[in-house]
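Okay, structure first, notes after.
Letters A, B, ... mirror the listed sequences (proteins, then strands); counts begin at 1.
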There are 2 protein chains.
Amino acid sequence: MTKKLELLIQLSKVNSIISRRLISHGLSFSDFIILHLINSSREKKLKRVELAELMGLTASGVTRMILPLEKLHILEKMDDATDARAKYAKLTKAGEELYKDANTWINLKIEDLLPDVKKNEINKILNIFYSIKNE
Amino acid sequence: MTKKLELLIQLSKVNSIISRRLISHGLSFSDFIILHLINSSREKKLKRVELAELMGLTASGVTRMILPLEKLHILEKMDDATDARAKYAKLTKAGEELYKDANTWINLKIEDLLPDVKKNEINKILNIFYSIKNE
DNA sequence: TTATAATAATTGACATGTCAAGTATTATAA
DNA sequence: TTATAATACTTGACATGTCAATTATTATAA
């Protein structure tokens, strides 16, 4: 078997494990990623297409992920001033609080999952990941 | 933001991209992984719990993944001689052919996705992945 | 301009899982 | 033995996506 295939199989396994273990404050790990990406963006708001690109999902998937977060008033819609097609998602006040709490908890949990990984190892892996383009 | 969180977010993204791009011969990448793990096992058969452990899924998820593959006669059930609870999944003749073809195609595609990754880099990443235990 | 193409988002139908509970069987401790 | 716990698997109800088609709007080329 090729090493690269083994790598992708283990990556899939790790992703499943991570997704099941990093659930907190009523948020799936994917939910948390959405909050995190919005909070980290320059203007604290992101369009569906931007989230889709950042997460490697389809725009459709993002629409479906965002919907329940809006219902729970964790995210809110915002129109784009110059493009009537686009809709931004941004954190509500409650969303910001929730994100802060979840972020603290998740980072502790991650330290637990990956205790001995060196920063330069992480950077090497990230460079490989960044090289994988979405089509 | 912590580097480790960034790593897990990118891992999730890469997993999504991989899952959408490595579809072949009517098999999802997860389907292919099942076939691959069975084919790579010593006795060319695996129980649901074994597959679940190897893939980082729940036994329930494995049951649901295997069902359509059995319907298509790609996999077949086998009873365990010494434990009436257990059911093995093994490749049918058609399943073996399908696996061979998909394996060739997928390895080419992977070479495309990860052209410049060195073997020793892969081994380092694998060691990190192997250290992440499923509870 | 104005027709044509491209982009942003959503929707219906479905795939691929999870979790909690249930069934059947096997292992263990009294 | 035999009651109790543990294991292997499945199922109902639901979450989290995909793909293909559709609507609305914006960009581009003639």
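Relative ring orientation between A:His36 and A:Tyr99 is described as tilted, the plane-to-plane angle lying within the 30° to 60° band.
A residue-by-residue look at B:Asp83 and B:Gly61 shows that B:Gly61 has its nearest nucleotide of DNA chain C further toward the 5' end. Mapping A:Thr82 and A:Asp31 onto DNA chain D via the closest heavy atom, the residue that lands nearer the 5' end is A:Asp31.
Computed from coordinates, the B:Leu27 CG to D:dT18 P distance equals 19 Å when rounded to whole Å. Rounded to whole Å, atom P of D:dT18 lies 15 Å from atom CG of B:Leu22. At whole-Å resolution of the value, CG in A:Asn15 and P in C:dT16 are 16 Å apart. Rounded to an integer number of Å, the gap from CG of B:Leu69 to P of C:dT16 is 9 Å.
Residue B:Thr63 places no side-chain atom within donor-acceptor reach of the base of D:dC9, judged by atom type and a 3.5 Å distance cut-off alone. Evaluation of atom-type donor-acceptor distances gives a pair under 3.5 Å for the side chain of A:Ser60 against the base of C:dT11.
Of the possible donor and acceptor atoms, none in the side chain of B:Asn15 sits under 3.5 Å from a partner among the backbone N and O of B:Leu11.
The phosphate of C:dT10 (OP1 or OP2) has a side-chain N or O of A:Lys87 nearer than 4.0 angstrom. Phosphate proximity of D:dT18 to A:Thr58: present, with a side-chain N or O under 4.0 Å from OP1 or OP2.
Backbone-only contact: B:Ser30 has heavy atoms under 4.0 Å from sugar-phosphate atoms and none from a base. Here A:Ala59 lies in heavy-atom contact (under 4.0 Å) with a base. Here A:Arg64 lies in heavy-atom contact (under 4.0 Å) with a base. At a threshold of 4.0 angstrom between heavy atoms, the contacts of A:Ser28 are confined to the sugar-phosphate backbone, with no base atom among them.
With respect to the salt-bridge test (charged N to carboxylate O, under 4.0 angstrom), the residues A:Arg48 and A:Glu70 qualify.
Distance NZ/B:Lys4 to CD1/A:Ile110: 9.0 Å, rounded to 0.5 Å.
Of the candidate nucleotides D:dT25, D:dT11, D:dT18, D:dT18 has the atom lying nearest to any side-chain atom of A:Leu57. Checking D:dT26, D:dC9, C:dA9 against every side-chain atom of A:Ala84, the shortest atom distance belongs to D:dT26.
Between B:Ile122 and B:Leu114, every side-chain heavy-atom pair lies at or beyond the 4.5 Å cut-off.
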